[in-house]
J.: 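Below you will find the structure I want to go over with you.
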Amino acid sequence: GVRHGELSVTAYRLEGLPGGTVECLELTPSRSYRLRLRLPIEVGASGVLAGKLHLELRHLVDGVSEDLSRQLTLAGVVK
């Protein structure tokens with residue numbers, strides 16, 4: 001999210017988690033978002049999961065727009 005200006009998620013892509021999906025929920029209009037990751041049951045009954053989430057964002061402050069790219073590393077263990 002942002003404290004000043006507006007933020008929009010223009011694109012997102014999940015890498016390394018086949019069949020996984022991402023849902024983008026806007027919590028506060030043009031300011032904060034929640035990204036929900038869903039993995040299919042067939043990902044594996046147990047073991048380590050790892051992937052990356054690529055985000056393309058647009059930040060607008062005082063009429064000036066800036067495009068941003070972010071990459072989040074995702075890691076987890078299924079027992």
J.: Would you give the length of the straight line joining atom OG of Ser8 to atom CD of Glu26, rounded to the nearest 0.5 angstrom?
T.: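 It comes to 9.0 Å.
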
J.: Who are the side chain to side chain donor-acceptor pair (under 3.5 Å) partners of Asp62, not counting sequence neighbours?
T.: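 By the side chain to side chain donor-acceptor pair (under 3.5 Å) rule, Asp62 matches no residue at all.
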
J.: Considering non-hydrogen atoms only, spot the tightest contact between Tyr12 and Val22 and give its length.
T.: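 Smallest heavy-atom distance, with atoms named: CE1-O, 3.5 Å.
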
J.: Would you say Thr10 and Asp67 make side-chain contact, with heavy atoms under 4.5 Å?
T.: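 With C-beta onward as the side chain, the pair stays apart.
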
J.: About how many Å separate CG of Leu53 and OG1 of Thr73, when rounded to the nearest 0.5 Å?
T.: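 Reported value, rounded in 0.5 Å steps: 10.0 Å.
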
J.: Among pairs that include at least one residue of residues 5-22, which meet salt bridge (Lys or Arg N to Asp or Glu O under 4.0 Å), considering only residues two or more places apart or in two chains?
T.: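 Those involving residues 5-22 are Arg13-Glu15.
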
J.: Please confirm whether the backbone N or O of Gly5 pairs with a side-chain atom of Arg31, one donor and one acceptor, at under 3.5 Å?
T.: yes

J.: Supply the atom-to-atom distance Glu56 CD to Arg70 CZ, rounded to the nearest 0.5 angstrom.
T.: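 Those atoms lie 10.0 Å apart.
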
J.: If I take atom CG from residue Leu14 and atom OG1 from residue Thr21, how far apart are they, to the nearest 0.5 angstrom?
T.: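 If we round to the nearest 0.5 Å, Leu14:CG and Thr21:OG1 are 8.0 Å apart.
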
J.: Which atom names give the shortest non-hydrogen contact between Pro40 and Pro18, and what distance separates them?
T.: CG-O, 3.8 Å

J.: Name all residues meeting the salt bridge (Lys or Arg N to Asp or Glu O under 4.0 Å) criterion together with Glu23; count only those two or more places apart in sequence or in a different chain, and write none if there are none.
T.: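 Arg36, Arg38.
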
J.: Evaluate side-chain contact (heavy atoms from CB on, under 4.5 Å) for Val61 paired with His59, printing each intermediate quantity in order.
T.: CA-CA 7 Å; Val61 178; His59 186 207; 3.3 Å; yes

J.: What are the two closest heavy atoms between Leu17 and Ala50, and how far apart are they?
T.: CD2-O, 3.5 Å

J.: Is there a chain of hydrophobic side chains (I, L, V, M, F, W, Y, each step under 4.5 Å between heavy atoms) that links Leu60 to Tyr33?
T.: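 Shared cluster, no.
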
